[in-house]
Amino acid sequence: MSLTRKTGSAGANSSRLSRNVSAHLGRTIDRRTFLKRSGLGVGAGAAVSQLPFSMIGKARAADAKGDGKTETKRTVCTHCSVGCAIDAVVKNGVWIRQEPVFDSPINLGAHCAKGAAIREHGHGEHRLKYPMKLVGGKWQKISWDEALKEVSEKMLAIKKANGPDSTFWIGSSKHNNEQAFLFRKFVSFFGTNNMDHQARICHSTTVAGVANTWGYGAMTNSYNDEQNSKCILFFGSNAAEAHPVSMLHTLHAKEKGAKVICVDPRFTRTAAKADKYYRIRSGTDVAFLMGMLHHIFKNGWEDKDYIKARVYGMDKIRDEAAKWTPEKVEEVTGMKEAEVRDVAETMAKNRPSTIVWAMGQTQHTNGNAVVRASCILQLALGNVGVAGGGTNIYRGHDNVQGATDVGPNPDSLPGYYGIAAGSWKHWCAVWGVDYEWVKSQFASQAMMEKPGLAVSRWIDAVLEKNELIDQDSNLRAVVFWGHAPNSQTRGKEMVEAMKKLELLVVVDPYPSATAALAASVRQDGVYLLPAATQLECTGSVTASNRSIQWREKVIEPMFESRTDHMIMYQLAEKFGFAKEFVAKIKLVKGKGGMDEPDIEDTLREINRGAWTIGYTGQSPERLQAHMRNMHVFDVKTLRAKGGKDAKTGYVLDGDYFGLPWPCYGTAEIKHPGSPNLYDTTRHVMDGGGNFRANFGVEKDGVNLLAEDGSHSVGADLTTGYPEFDHVLVKKLGWWDELTDAEKKAAEGKNWKTDLSGGIQRVVMKHGCHPFGNAKARAVVWNFPDAVPLHREPLFSPRPDLIDKYPTHDDQKSRWRVPVLFKTVQQANKNAVKQYPLIMTSGRLVEYEGGGDETRSNPWLAELQQEMFAEINPKDANDRGLRNDQYIWVETPTKARLKVKTQITERVAPGTVFLPFHFAGWFEGRDLLDKYPEGSAPIVRGESVNTATTYGYDIVTMMQENKTTLCQISNAA
Amino acid sequence: MARMKFLLDAERCIECNGCVTACKSEHEIPWGVNRRRVVTLNDGVPGEKSISVACMHCSDAPCVAVCPVDCIYTTTEGVVLHDKDMCIGCGYCSYACPFGAPQFPQQGLFGVRGKMDKCTFCAGGPEVDNSEEEYKKYGRNRLAEGKLPACAEMCSTKALLGGDGDVISDVFRNRALARGKGSEVLGWATAYGKPDAKPEGADGKAAAKAGSKS
Amino acid sequence: MMMRRLFAVGALALLMAGCSDKPLVYKQGQYQGKFDAKPWDNDQFKASKVEWEKAIRARNQGQDEQSRAVASAK
């Protein structure tokens, strides 16, 4: 039980217990103490132990019947992106036990509260059990046939009347790679790019910012690789709560001497484990990073040779950093010169050093600039492409990396191919469908090549005046397919949008807050379809470090739920494109003997097409062999030392665990995967690399390719070179090394579009990198701020700084909708007078994402029973507030949240922190009666995002979750 | 073989509650009953430390001494177990326990308590090992399967160690040596006597010792 | 002092408990009270304490990430 954030009795007791225990750490506890203490044990027990002990044996009762066959299924935790392996013990189809997988090089058997509680999925009492529809404001059970018929008919009618772009499909980072990939295809065949998923609101700024800096928008190294670090800077990550098992590697590194520093507005649990903690004002990240660079350049701590050979534009950064004097940095961030200098010096003098971030950096109106400034810091220190260095970007959901790589992105086809005609033609060839037919499904070729709406902005596409949006119709239908509504900002307006829609469909294992919110404002036009969880199907999942793991199905889909790919296929049948949907994928019998696309075959289709990011070498057979032989992989390097799979004879030696992408070429050439990106100390066939040549060969007369002598080990070309195509291969005289069949396929193609993989194979044989060898870009000239700039948040607590560091000008149209910057900032310049507190949000260890799933798990729900706000004692005392009482949190949107106080010095005076996993309350009202009966989560509470304010990143439409303003008052 | 012990490394514990839910899952512990819990000291300020607490299976267990019906016993492996058929729910063990481990689920009318329940070190109780009866009353018996407590085996940062006292104090000592400082080991001396029961490094002198050796 | 008071209350409770349950007297022995098999007295370990201890020691290594790191680095 978490005694620090609990309900009344336990909360009141916590300080007493803490006092007692702290007074006796490391020595005998006397009798008086234990008498006091045991009072708590009984009291706390008495407060909640109303349930009989009879739940015990439930699983046993189930295993008593049948033939008693016990099997162990190896799967991967479905919560965060660490990728913890799980051995599920199943008897007669009932998941009876969970055993630690000590062999996993990623988690070594370890789990956080969520991973250790995952077997509760086998109970699933709060699941959505059958299809339902809203009739006269009440939920009504319907059959699958009715549901599919009605949903598809309404969808087609809306498409016919308003065009395919009047629909919006919110996919999921919870889907496995195959389902995410199929979802992209499915919505494309429906005829729109209006699709998105959680990545938009978690790491879209990272993906765009980092990819534009050096090639790929992903974590460069791995959790494990932190064991090679000498300094780890947590800046915008609370890993101890968001990625708990990663801390196993971090704390191991710390014990081996690595310095751990945490810079955060909040004294997080990660900060508690750090050697040093420094507080920063929320939303001033670029100023701090520039402040660090100021000290680095001033003291000559930068890696000059590295910069010269591998970085473009650092001189412009030097100019910008020079402006960030310690006084200016302190004025903006609140951090003292000594603090900033200390972080810079520790990072510089303890190399390799790494920087860790998550949503603390990304969820800002200038998120793209923040992440690029972090990349620049690491480039200045020569830390990228180095074991123990890199940018360790912790992704959120278990498969948000994979869904970003191959899933439903509104601006890109699987593998970041973009949506230009050539990209469509590439994928149509892979899918085995006619490009012209796909084009005919869209409203026009122009719409086919125009990025769709972002999930952060769908409400505006419903509510905005039609003449202001960049598509024919406003949105009429929205499908939430594995996505919580309470993770998106401006919840109060979202409810208005839900009200206005013609059709709202939820496909999810849980009815989710979408159902309750919709039922609170609508009478009909809402459908709920029960989906299976990832424990009820098989497939591959990409962890944050790009390692791909294979999940075995643990149990059959519970109740009437169906797998996501089965539901897609069945809707495709209704939409009339089932044949095209699985043109090159075989069908297998799924639940109830019904057809569904074969998952292994789907992965092979990904393998056949995703050459850009090396999703081609990870065949299902290789991934499965890795899962069976985890013990041969080294924990520090992730590399297999010897080893042969007993089942298939596959030789594991030299592979990196999970074949972290890029794993170029076909599976047959056995690329081992790339543990650390851009690492020139290794041969490309050994997982080595260099920065990508994706931005031309020169800019304004300056060479963009790597300088002479900078290349990965063993490369035949010992200087920078552009990406490979058939012309370059021919010029180098390597063409005849392709087989005749490869030549035929590769003629006129490049490394990304040659479906034979011949170009990649031959290029790598020469030790070269298919994507070329270039410099990283410190200056990203195609972004609005080529050099990262600090810009004050739209809702800033410092009106005096708004004029100095104003936000962007308003934009007429980005991602099909207008986006406001200056107008909002100016209109709220004095909001701080009425709303004097900074409001920020973040994670709790017990819950995940929107929380509908984890709050339905009693083992987790018991640990955090109420939504709360962390408030500094000063702010509380000034308002006459006591611990554990109800307050109203109000933001400039006038939305009000009724939450409990948690008075703590974790937050500084002037800052309020709220966790974002809660839903089910709306402005003080419990929506319990709006959920289908029996399926409301055990714990419900206010969603912080009901009250979050307007604000988006200019490049990606990332929403601002971390910095806004609020006021709090007594709700008693 | 040495006796079974728990050891909590507060330098490692991140209050993730994995131990709590691992226990819940392994034994299907109902809402409101916590055989293990995590307590945080100095919450939210520098010096914050968390500790995971359950029955420590003390060498000279005070609960055994005070139980009026003698239903609590210590096995040869050093695990403190009890007989729920015998327990009268009087609560003395709870008063005697330095760790607040005993709980009394099944709250009935005023003043009447259910049978005591506590951590069994995943060793079941006095029923046929891994029988239906044992599972219902006490939970799984992992020790009889050659496995160790689920909480320690699944700890996210391997802060909580549980098993052979010699092995786990070796593990802890290696860590303390590596980081050059020890850590407070809550209740180790209380549970297992002192001073020899204290794992090396727990007093913070590991570094000095290591230095003098090398 | 405290102990004595506790025992006094205990005796009362014991008396009251006696109203419904027949008090059992526990014998001092290897295990007090009811029989409880030793963890190696089963099919898996065939009453071999040595085998069981070996299994436990091996299993215990799973709690040491250093040994996993070292073992796999060899």
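Order of the sequence lines sets the chain letters (A, B, ...), proteins ahead of strands, with each chain counted from 1. Because only heavy atoms are used, hydrogens play no part in the values below, and waters and symmetry mates are left out as well, while side chains stay in.
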Quiz item: Ignoring hydrogens and geometry, is there a side-chain-to-backbone donor-acceptor pair from C/Asn60 to B/Asp164 under 3.5 Å?
Solution: yes
Quiz item: Got a second to check how far C/Asn42's CG is from B/Asn130's CG, nearest 0.5 Å?
Solution: 8.0 Å
Practice problem: Please check if the side chain of B/Lys158 supplies one atom and the backbone of C/Gly62 the other of a donor-acceptor pair under 3.5 Å. | Solution: yes
Quiz prompt | Top contributor to chain C contacts, counting heavy-atom pairs under 4.5 Å, from B/Leu161, B/Leu160, B/Asn141 | solution = B/Leu161
Quiz item: With a 4.5 angstrom heavy-atom cut-off, which part of B/Met154 approaches chain C: side chain, backbone, both or neither?
Solution: neither
Quiz prompt | Contact leader toward chain C among B/Asp166, B/Val167, B/Leu148, where contacts are heavy-atom pairs under 4.5 Å | solution = B/Leu148
Exercise. Give a yes or no answer on whether the side chain of C/Trp52 reaches the backbone of B/Leu143 with a donor-acceptor pair at less than 3.5 Å.
Key: yes
Quiz item: What's the shortest heavy-atom distance between B/Arg175 and C/Gln63, and which atoms?
Solution: NH2-O, 4.0 Å
Quiz item: What is the distance from atom CH2 of C/Trp40 to atom CG of B/Asp129, rounded to the nearest 0.5 Å?
Solution: 10.5 Å
Self-check item: Beyond-backbone contact of B/Thr157 with C/Glu65, side-chain heavy atoms, under 4.5 angstrom
Solution: no
Self-check item: Sole residue of B/Val128, B/Val79, B/Leu81 in side-chain contact (heavy atoms from CB on, under 4.5 Å) with C/Asp36
Solution: B/Leu81
Quiz prompt | Residues C/Arg59, B/Glu145: salt bridge by 4.0 Å N-O rule | solution = no
Exercise. Test side-chain contact (heavy atoms from CB on, under 4.5 Å) on B/Val171 and C/Gln61 and set out the steps.
Key: CA-CA 9 Å; B/Val171 172; C/Gln61 294 308 311; 5.6 Å; no
